[in-house]
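This report concerns only the one structure given below.
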Amino acid sequence: MRAHQEAPGHHRFARGPPLIMFIGGRSSRQARGTARAGALLLAVAAVLYNGWLLEFLLPTHLDPRHSYVSELYAADQPFRPLFGGIESGCAVLVTMGALLACGIARGAWTRYGCAALAGLGLSSLADVLVPMRCAPSVERACEAVHPWHTVTSALAHFFLFASMALLSRAAVTDGSRSSLIGRWGPRVLAVALPSALCTVGPLFGRPGWHGIPQRIHLVLVGVWFALLAAELARAAVRRRDEEGGGRGRAPEAKPIGAP
């Protein structure tokens, strides 16, 4: 009785392809292009979201330890056009990237998470359109609570944490625990949430040192956008590789030693 060699890739196809959060069963080149475009938009947004770092190069006269980043684009601040423009551009990119991702989402949890991400983008845009009237960290007469701006900021945080929770859940139900979001999403959420809570002191008459946790929070949001961008890019590459492998046929099994 002669032993036979197994066709290469036999076990891989027997187990089935790995689950992914985006593209899923779609096999069109257009879907892969959408994933790559969404990845690019969110990658750029990850950089722009931390445009506040320019405050270290400009004479803003705001102390990063004790000021909100939104004070940089308060209505009476000299660099409002710059920082407000960066924030607005980032918000538009996040919204567009979220809508593209939603169009190729594999399951319900992923679609809900992408919808929350779009909500974050729209809320952030509204945050710039209804800015703080002044900078409370340098003007004693300026109140930290600006009603409409406070509402839009609260909505932005709600949609941010909703997107983190929903897409981390989607990594388990619609995708794979081994995905970037599955591994790192819950960890980013676990640090981003308390860092955001540490910034509410001025809203309750307890200002001071809230600038540091807020800036840590903003860096983590940038990391979140980068994770989403990487997940979309990986989905596009994985689907392309699977389609390329699927078009080839496995060679026939031959007896060991056969020519």
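Hydrogens, waters and symmetry mates are skipped; everything else that's a heavy atom, side chains included, is used.
The side-chain contact (heavy atoms from CB on, under 4.5 Å) test with Leu41 is passed by exactly one of Leu99, Val92, Leu100: Leu100.
The two residues Ser179 and Ala171 have their closest heavy-atom pair at OG-CB, 3.6 Å. For the residue pair Thr95 and Ala118, the shortest heavy atom distance occurs at OG1-O, 3.9 Å.
In terms of the salt bridge (charged side-chain N to carboxylate O under 4.0 Å, His left out) criterion, Arg206 has no residue partners (sequence neighbours excluded). The ring-ring contact (aromatic ring centres under 6.0 Å, His included) search around Phe83 returns none, not counting sequence neighbours. Not a single disulfide bond (SG atoms under 2.5 Å apart) links Cys102 to another residue, sequence neighbours left out. Partners of Cys198 under the disulfide bond (SG atoms under 2.5 Å apart) rule, at least two apart in sequence or in another chain, do not exist in this structure. For Arg36, there are no salt bridge (charged side-chain N to carboxylate O under 4.0 Å, His left out) partners two or more places apart in sequence or in a different chain.
Counting only heavy atoms from C-beta outward, the side chains of Val94 and Ser124 never approach each other to under 4.5 Å. Counting only heavy atoms from C-beta outward, the side chains of Tyr68 and Ser137 never approach each other to under 4.5 Å. For the pair Trp52/Leu218, a side-chain contact is recorded, criterion being any heavy-atom separation below 4.5 Å from C-beta on. Side-chain contact between Leu166 and Phe161: absent, with no pair of heavy atoms (C-beta onward) separated by less than 4.5 Å. Under the 4.5 Å side-chain criterion, counting only non-hydrogen atoms from C-beta, Pro136 is not in contact with Glu143.
Separation of the Phe79 and Tyr73 ring centroids does not fall under the 6.0 Å cut-off. For His217 and His210, the gap between ring centers reaches or exceeds 6.0 Å.
Atom CZ in Arg234 sits 12.0 Å away from atom CZ in Phe22 (nearest 0.5 Å). Between the CG atom in Leu167 and the CG atom in Leu189 there is a gap of 11.0 Å [rounded to 0.5 Å]. The CD1 atom of Ile86 sits 10.0 Å away from atom CG of Leu53, with the distance rounded to the nearest 0.5 Å. One distance of note links CG of Leu42 with CG of Leu117; it measures 6.0 Å at 0.5 Å rounding.
His66 places a side-chain N or O within 3.5 Å of a backbone atom of Trp209 that can act as its donor or acceptor partner. Of the possible donor and acceptor atoms, none in the side chain of His149 sits under 3.5 Å from a partner among the backbone N and O of Val145. With Ser123 contributing its side chain and Leu120 its backbone, the two residues share no donor-acceptor pair below 3.5 Å. In this structure, the side chain of Ser88 engages the main chain of Gly84 through a donor-acceptor pair within 3.5 Å. Using modelled atom types, no side-chain atom of Glu71 and backbone atom of Cys134 make a donor-acceptor pair closer than 3.5 Å. Not one N or O on the side chain of Thr199 forms a donor-acceptor pair closer than 3.5 Å with the backbone of Ser195.
The 12-atom threshold is exceeded at CZ of Phe56, counting heavy atoms of other residues, nucleotides or ligands nearer than 6.0 Å. Heavy-atom contacts from other residues, nucleotides or ligands closer than 6.0 Å to OH of Tyr112 number 12 or fewer.
With no hydrogens or angles considered, no side-chain donor-acceptor pair links Thr60 and Gln77 at under 3.5 Å.
Applying the side chain to side chain donor-acceptor pair (under 3.5 Å) definition to pairs two or more places apart or across chains, those involving residues 218-229 are Ser163-Trp224.
For Arg133 and Glu139, the salt-bridge test fails: no basic side-chain N is under 4.0 Å from an acidic carboxylate O.
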